[in-house]
Amino acid sequence: MKKKKRSFAIMGAAIVILIIAVGLVYFIGRMNSKKPPRVQEIDVSDGYDDKEDGRSSTEEAENMIKLAQYYIGKEEFDLARNQLENVLIKDPVNKLALSLLENVIRKRKELEKKEEEREDEKLDRVVSTLKDSLPRQKEIIKETTKETTVTDKPSNFDDEIKARNKKAEKFFTEGMKDYESADYAGAIKNFEKTLDLNTDNPLAYSMLGASYYADDSTSRNNIKKAIDSSKKALSLDSTLSLPHYTLGQVYDQQDLISSAMSEYKKALELDPNNGMAYYKLGVIQYLRRNYREAQVSFTKASEILVDFPQAYYNLGLTAQKLGKTRIATSAYARAIEVKPDYTKAIINLGLLYYENNFFDKAISYYKQAISFDPDNANAHIKLGDTYRSKRMYENAKNEYALALQVNPGSDLTHYNLSILYEMEKNYEQAIDELEKAIEIKRNDKRYYYNLGNNYARLKKYSEAITAYEKAIQLDPNYMEAYNNISDIYIKSNLYDKALATLRKAISLNPNSIPARVNLGNVLLKNELYKESAEQFKTAIKIDPLSPEAHFGLATSYLKLENDDEAISEYLRAIKSDRNFIQAYEPLGNLFLKQGNKKDALIIFKSLLKIDPDYPKREKIETIIKQVELAT
């Protein structure tokens, strides 16, 4: 009995130890999985703690969900899924994210089903067309010598079979040599001779199909024979990979995407080392915006085809789409290593560094691309953009000028030049460049929108409204254009028109901070203080760190004679953006009104320190002196 008890005790202890060990392994695994990849990141902090300022994980999740909803609208289901899964990793019970993820999966399946149905119809039409377009071939009847009896065979029959097979092998070997040397016409002849001697040779049919397609992939006759030969090969030996790959290429060319994908996948099941099948499958997946699957395919292709730069390049493109900067950077670098003059890869690598604010590194890559291809307008434009970001305006202008020499019809170059002139506050010149861009391309809403912005800066409000309205004609849901028109109406004291325009803007995007703030300001002008406060509160719910919304709410409270709440909101505006100058003076005045001279002095002195050229500087300095004398 004691032995039994001791055995149970030992077993119990062992189980406890096992549970603890599993728990530790799980805990360590969880900890390791949370470690971010070792990538160099840019420090964008300004000494403030975002969490302390109210930047919560909830807000981050809301932003990711909004982005996912945008991608769903664009049918970018992989990108939407990526955002939603990132939300659910941090908050597995987020009902909205779960609901949207189910919706994404369902919509993706529906889209794929529709594509398959369309493709089945298209495949039937293609096959029918191929059959109808070819002349009917007469059957080839092979004559055989008459024999008196079945058993009456010549004594050397076996030798003749061996000789025939040897001859067939010779033709097949010659055909393979022709195929490998890209003499596809010669390969076709030799493989057909092989099949004349051995009609059931699946390898010969397989190579014949591949040769017909490689010889002329645009010829209906060749396409038909490539299909027939490949299918014949598979009927004789279903384990062959090449016929599936050939069929995949044919269907791919005929835009029968689902059928092509199916054939490439079958080819890879039978031959996992077919790098080109992975590459071509990846291209289809990328074009169908299945970026995750494309990344897997291009990764496999680059592992097998180690000297094939396009595989690395496409991997880089796909990783960029998925926001995987480290993988994209590595892939482009490898493409350049294999092909040093691969300008597309060099430019894209420069773009990655540019997007992450490594401007000097970006400049070096763009210059490298130009050294290989001096007439590459895109490289000059990108180099100009980078100089512009570094405020090296003359260098930027030179690059844009070179881009226009190469491609005088580039609307994008004129547009980028307009942005440069905007940064220089040369709004007239910016307008000139935008009008040149519009002459070349009249259906880009951005050009009209920016044209309106520049006219508005010059206080040419009538021209600005005309430009915004043209942008709205191109995109009736262009909320930003409506909002900017309302800005002009507010500045022109046309509050009724501003209200109507803002209501339209908010109907298009209820979560627009600028539209909510503008509506609040219009209501303030109309002395509807409670209504204005509600609009500012709504804006703050959308973005708790909006200084404009906090400032507007503070002004509403001030008008409602709720000084304590006004002080709180002015402080929140400054905390959200310490350079939000408008909040300092009214806040200082409120502190003085409440007899809080100490805090009033701090606020007024901070104001002059942040903005030494403050228009009311003399007034503020006088107040500071008076307060200091009185304390």
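Small disclaimer: the values here were computed from a predicted structure and weren't measured.
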Near Lys497 NZ, under 6.0 Å, is it more than 12 heavy atoms from other residues, nucleotides or ligands? no

To the nearest 0.5 angstrom, please state how far the NE2 atom of His414 sits from the CD1 atom of Ile438. 11.5 Å

If you take all heavy atoms of Ser532 and Gly520, which pair is closest and at what distance? CB-O, 3.3 Å

What about the rings of Tyr387 and Tyr393, do their centers lie closer together than 6.0 Å? no

Mark yes when over 12 heavy atoms from residues, nucleotides or ligands other than Glu628 sit less than 6.0 Å from its CD; otherwise mark no. yes

Heavy atoms, side chains only, cut-off 4.5 Å: are Phe580 and His550 in contact? no

Donor on one side chain, acceptor on other, Gln594 and Asp564, under 3.5 Å: yes

From Tyr365 OH over to Tyr353 OH, what is the distance, rounded to the nearest 0.5 angstrom? 5.0 Å

Exercise: do Asp385 and Tyr400 side chains pair donor with acceptor under 3.5 Å: yes

List the steps and the verdict of side-chain contact (heavy atoms from CB on, under 4.5 Å) for Thr555 and Tyr529. CA-CA 9 Å; Thr555 307; Tyr529 304 130; over 6 Å; no

Sub-4.5 Å side-chain heavy-atom contact between Ile327 and Thr299: no

Are Lys436 and Asp432 ion-paired here, with the side-chain N under 4.0 Å from a carboxylate O? yes

List for me each residue that meets ring pair (Phe, Tyr, Trp, His ring centres under 6.0 Å) alongside Phe536, sequence neighbours excluded, and say none if there are none. none

Under 3.5 Å donor-acceptor, Asn103 side chain and Ser99 backbone: no

Evaluate whether atom NZ of Lys559 has more than 12 neighbouring non-hydrogen atoms of other residues, nucleotides or ligands under 6.0 angstrom away. no

Considering all heavy atoms, the nearest Leu101-Leu84 contact: N-CD1, 3.6 Å

Please walk me through it: do Tyr448 and Gln473 pass side-chain hydrogen bond (donor to acceptor under 3.5 Å, both in side chains)? CA-CA 10 Å; Tyr448 292 104; Gln473 285 174 13; over 6 Å; no

Lys/Arg cation over aromatic Tyr495: Lys525, 6.0 Å, 45° cone: no

Quick one, Tyr415 and Asn450 - any side-chain contact, counting heavy atoms below 4.5 Å? yes

Asp611 with Arg617: basic N within carboxylate O range, under 4.0 Å: no

Does the side chain of Ile257 come within less than 4.5 Å of Leu287's, by heavy atoms? no

In terms of the angle between their ring planes, are Phe359 and Tyr354 parallel, tilted or perpendicular, with boundaries placed at 30° and 60°? tilted

Determine whether a donor-acceptor pair (N or O, by modelled atom type, separation under 3.5 Å) exists between the side chain of Asn526 and the backbone of Leu528. no

In this structure, NZ of Lys605 is separated from OH of Tyr584 (nearest 0.5 Å) by 15.0 Å

Heavy-atom distance under 4.5 Å between the side chains of Glu355 and Thr325, does that happen here? no

Would you say the side-chain atoms of Glu399 and Tyr366 include a donor-acceptor pair closer than 3.5 Å? no

Taking all non-hydrogen atoms of both residues into account, name the closest pair between Ala515 and Leu502 and its distance. O-CD2, 3.6 Å

To the closest 0.5 Å, what do you measure between CD (Glu439) and CG (Asp411)? 11.5 Å

Run the side chain to side chain donor-acceptor pair (under 3.5 Å) test against Glu561 and tell me which residues pass, sequence neighbours left out. none

Any non-hydrogen side-chain atom of Gln320 less than 4.5 Å from a side-chain atom of Leu351? yes

State, to 0.1 Å, how close Leu608 and Glu621 come at their nearest heavy-atom pair, and which atoms those are. CD1-CG, 3.7 Å

side-chain contact (heavy atoms from CB on, under 4.5 Å), that's the test. Do Asn518 and Thr501 meet it? Break it down for me. CA-CA 10 Å; Asn518 272 355; Thr501 308; over 6 Å; no

Would you sort out whether Tyr461 and Tyr455 count as a side-chain contact (heavy atoms from CB on, under 4.5 Å), showing the intermediate values? CA-CA 7 Å; Tyr461 295 138; Tyr455 275 128; over 6 Å; no

Within the 3.5 Å criterion, strictly below it, is a donor on Glu585 or Tyr614 matched to an acceptor on the partner's side chain? yes

Is a donor on one side and an acceptor on the other found under 3.5 Å between the side chain of Arg516 and the backbone of Pro510? yes

Work out which heavy atom in Ala294 is nearest to a heavy atom in Thr318; give both atom names and the distance. CB-CG2, 3.9 Å

So do Phe551 and Pro586 actually touch side chain to side chain, heavy atoms under 4.5 Å? yes

Within the distance-only criterion (no hydrogens, no angle test), does the side chain of Asn290 pair as donor or acceptor with the backbone N or O of Glu293 below 3.5 angstrom? no

So Ser486 and Asn483, do their side chains get closer than 4.5 Å, heavy atoms only? yes

Supply the atom-to-atom distance Glu422 CD to Asn454 CG, rounded to the nearest 0.5 angstrom. 4.0 Å

Heavy-atom closest pair (Ala539 atom, Ala549 atom, distance to 0.1 Å) is CB-CB, 3.8 Å

Yes or no on side-chain contact (heavy atoms from CB on, under 4.5 Å) for Gln285 and Val283, after CA distance, side-chain angles and deciding distance? CA-CA 5 Å; Gln285 290 164 336; Val283 170; over 6 Å; no

Do other residues, nucleotides or ligands put more than 12 heavy atoms under 6.0 Å from Arg391 CZ? no

Which pairs of donor and acceptor atoms, one on a side chain in residues 462-472, lie under 3.5 Å apart (sequence neighbours left out)?
{"unit_1": "Thr466", "atom_1": "OG1", "unit_2": "Ser462", "atom_2": "O", "d": "3.0"}
{"unit_1": "Tyr468", "atom_1": "OH", "unit_2": "Gly452", "atom_2": "O", "d": "3.4"}
{"unit_1": "Tyr468", "atom_1": "OH", "unit_2": "Asn453", "atom_2": "N", "d": "3.2"}
{"unit_1": "Tyr468", "atom_1": "OH", "unit_2": "Asn453", "atom_2": "OD1", "d": "2.5"}
{"unit_1": "Tyr468", "atom_1": "OH", "unit_2": "Asn484", "atom_2": "ND2", "d": "3.3"}

Please report the interatomic distance CD(Gln295) to CG(Leu322), rounded to the nearest 0.5 Å. 5.5 Å

